[in-house]
Trainee: 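Let me begin by handing over the structure; questions about it come next.
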Amino acid sequence: MSEKAPYVSATVAAIGALGAAYYAYNVYQESKKPKLPEQWKQIGTLKDIYVYPIKSCGPVLLNKAECSILGLKDGWLRDRVLMVVNDKYNFVTARGYPELLLVQPTLKNSILALKHSDMEQLNINLAEVLEVQKPKSAKVWGVTVPVYDCGGEAAEWFSRLLNRSSDNFRLVYYASQKSRELRSSSKYYKFTKNDTGALPDEVPFNLINEASVNELNSRLKDCQVTPRNFRPNFVLAGANPYEEDSWKYIKIGENIFEIIKPCGRCILTTIDPETGVRNSRTEPLETLRTYRQIADPEERKSAGSAPRMGIQMALRSEPGGVVSLNDPIYIPQ
């Protein structure tokens, strides 16, 4: 027998053992994945698709979009991958600076154009930002995220818009292809490492039921709201009011989402998305508080006292699927 034979045999055995271990690991990983529903029934259609390139700024309305781990995208246009920060690189939002809602972004190829009625148009080449900038650290809800600074012109533009200064605010661009790090979450809601998106508050996909908004409007006396008050990605038409409260999964076209939690609503809903003016009676938040509080005491410990409106979701089918206007929307049978 060749002297090499024992070594060859040992190598083959080792490779076999590694292969078996790899197979076992894959089986284990698959077993950890939630079993997705297979039978579905249609409950409505997709009426609107919104992407918000800059956190707290205006939306872009689309006819179709790709579903990625980080949220909706259409080429360079991606949901909540930019945000405004202060001089310490902590994020700021329209809760404190309602004027942000009136910033209207558009994207053509890699050129981000920013418009506001009181400002000159600003164009930012995002490809150039990626090429010349090095990642810095910013914070969203206390979590450190990697970002590229979009430069001095953008900083001056937002600073003049928000407080007439020249250097108090900056625009930053998310510097990763992975979901941001999870902040400490409650035991009640089950997030995975891919469920946080880029720079949204909690999850990369949000849906509002048009019928629920209409029902809320029937209770409001001095104002009316639209789905835009709730800044959703998806607007569902055709379902019953608040039917979404009991859903665990939802399917839009061929894309399956798991509902992680209800969306607790804050003061941002009281700012008119068309004018940036706060409602003097804190509506619709005050009315929502009278009938949309979470009843379960354990869930309320995790979610807080914010009234719920809409659902927060994470992608469970493979990334890369497309959603289109008028797609059927399903729930499990």
Side-chain angles (χ1 to χ4, degrees), residues 51-60 68-101 103-116 119-185 191 193-204 231 268:
V51 171
Y52 306 84
I54 307 174
K55 188 177 182 68
S56 271
C57 292
V60 177
S68 78
I69 290 297
L70 295 184
L72 293 178
K73 63 177 291 189
D74 181 22
W76 280 87
L77 177 63
R78 296 191 295 157
D79 191 65
R80 295 173 172 96
V81 292
L82 295 116
M83 66 179 178
V84 181
V85 297
N86 62 21
D87 56 357
K88 293 181 172 56
Y89 280 81
N90 289 320
F91 83 118
V92 300
T93 74
R95 297 173 184 87
Y97 299 91
E99 201 69 31
L100 286 172
L101 292 172
V103 174
Q104 184 55 57
T106 57
L107 261 138
K108 185 174 182 181
N109 297 322
S110 65
I111 305 300
L112 172 68
L114 303 180
K115 296 180 180 179
H116 186 283
M119 302 287 292
E120 74 283 0
Q121 179 173 316
L122 176 67
N123 296 325
I124 302 166
N125 188 337
L126 295 180
E128 186 176 294
V129 170
L130 292 180
E131 184 178 347
V132 303
Q133 296 290 335
K134 293 183 178 180
K136 300 177 181 291
S137 293
K139 288 205 170 181
V140 179
W141 296 116
V143 174
T144 300
V145 293
V147 295
Y148 298 111
D149 192 298
C150 291
E153 281 189 89
E156 182 183 4
W157 196 89
F158 275 102
S159 295
R160 285 192 287 115
L161 172 68
L162 297 182
N163 71 353
R164 306 296 186 263
S165 70
S166 61
D167 61 357
N168 282 1
F169 297 93
R170 306 193 73 82
L171 182 68
V172 297
Y173 185 39
Y174 189 60
S176 175
Q177 296 301 314
K178 297 179 180 179
S179 291
R180 77 167 186 265
E181 194 175 309
L182 277 169
R183 62 171 168 167
S184 56
S185 58
F191 288 82
K193 65 180 181 180
N194 290 326
D195 293 347
T196 51
L199 303 173
D201 281 353
E202 291 185 296
V203 296
R231 298 180 64 80
L268 190 54

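Bear in mind that the values here come from a model prediction, so they are computed numbers and not experimental data.
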Trainee: Return the CG to CD1 distance between L100 and I54, rounded to the nearest 0.5 Å.
Mentor: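 The CD1 atom of I54 is 8.5 Å from CG of L100, to the nearest 0.5 Å.
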Trainee: Which atom names give the shortest non-hydrogen contact between Q104 and G58, and what distance separates them?
Mentor: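 Scanning both residues, the minimum pair turns out to be OE1-CA, 4.2 Å.
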Trainee: Could you tell me if the side chain of L82 sits less than 4.5 Å from the side chain of L112, heavy atoms only?
Mentor: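 Yes, at least one pair of side-chain atoms sits under 4.5 Å.
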Trainee: Do the non-hydrogen side-chain atoms of P53 and V60 ever get within less than 4.5 Å of each other?
Mentor: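 Yes, side chains in contact.
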Trainee: Quick one: does K115's side chain get under 4.5 Å of V103's, heavy atoms only?
Mentor: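 Not in contact.
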Trainee: Quick check for you: to the nearest 0.5 Å, what is the distance between L77 atom CG and L72 atom CG?
Mentor: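 Here the rounded value is 9.0 Å.
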Trainee: Can a donor-acceptor pair be found, under 3.5 Å and without considering hydrogens, that links the side chain of N125 to the backbone of A127?
Mentor: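 Indeed, once roles are kept as given, a pair shorter than 3.5 Å links the two residues.
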Trainee: Do V85 and D149 have side chains that get closer than 4.5 Å, going by heavy atoms?
Mentor: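 Not in contact.
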Trainee: Considering only NZ, NE, NH1 and NH2 on the basic side and carboxylate oxygens on the acidic side, decide whether E120 and R160 come within less than 4.0 Å.
Mentor: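 A salt bridge links E120 with R160.
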Trainee: Report yes if some heavy atom in the side chain of R180 is under 4.5 Å from a heavy atom in the side chain of P200; otherwise report no.
Mentor: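 Answer yes - side chains close enough.
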Trainee: Does some side-chain heavy atom of P204 sit less than 4.5 Å from a side-chain heavy atom of L70?
Mentor: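 Side chain of L70 against side chain of P204, heavy atoms only: no contact under 4.5 Å found.
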Trainee: List the steps, then state whether side-chain hydrogen bond (donor to acceptor under 3.5 Å, both in side chains) holds for S159 with N168.
Mentor: CA-CA 6 Å; S159 295; N168 282 1; 5.9 Å; no
Trainee: Which heavy atom of L199 sits nearest a heavy atom of K55, and at what distance?
Mentor: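 Residues L199 and K55, closest heavy atoms: O-NZ, 2.8 Å.
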Trainee: Could you tell me the separation between the CG atom of D195 and the CD1 atom of I69, rounded to the nearest 0.5 Å?
Mentor: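 If I round to the nearest 0.5 Å, the distance is 8.0 Å.
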Trainee: Are the side chain of D79 and the backbone of Y52 linked by a donor-acceptor contact shorter than 3.5 Å?
Mentor: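 Indeed, once roles are kept as given, a pair shorter than 3.5 Å links the two residues.
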Trainee: Does the side chain of W76 come within less than 4.5 Å of L126's, by heavy atoms?
Mentor: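 L126 vs W76: side chains touch.
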Trainee: Would you give the length of the straight line joining atom OG of S56 to atom CZ of R231, rounded to the nearest 0.5 angstrom?
Mentor: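 Those atoms lie 5.5 Å apart.
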Trainee: Under 3.5 Å, which donor-acceptor pairs do the side chains of residues 133-148 form with other protein atoms, sequence neighbours left out?
Mentor:
unit_1, atom_1, unit_2, atom_2, d
W141, NE1, D201, OD1, 2.9

Trainee: How long is the straight-line distance from CG of N163 back to CD of E99, given to the nearest 0.5 Å?
Mentor: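 Answer for the CD-CG pair, E99 versus N163, is 11.5 Å.
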Trainee: Check whether any side-chain heavy atom of F158 sits under 4.5 Å from a side-chain heavy atom of H116, and report yes or no.
Mentor: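 They are not in side-chain contact.
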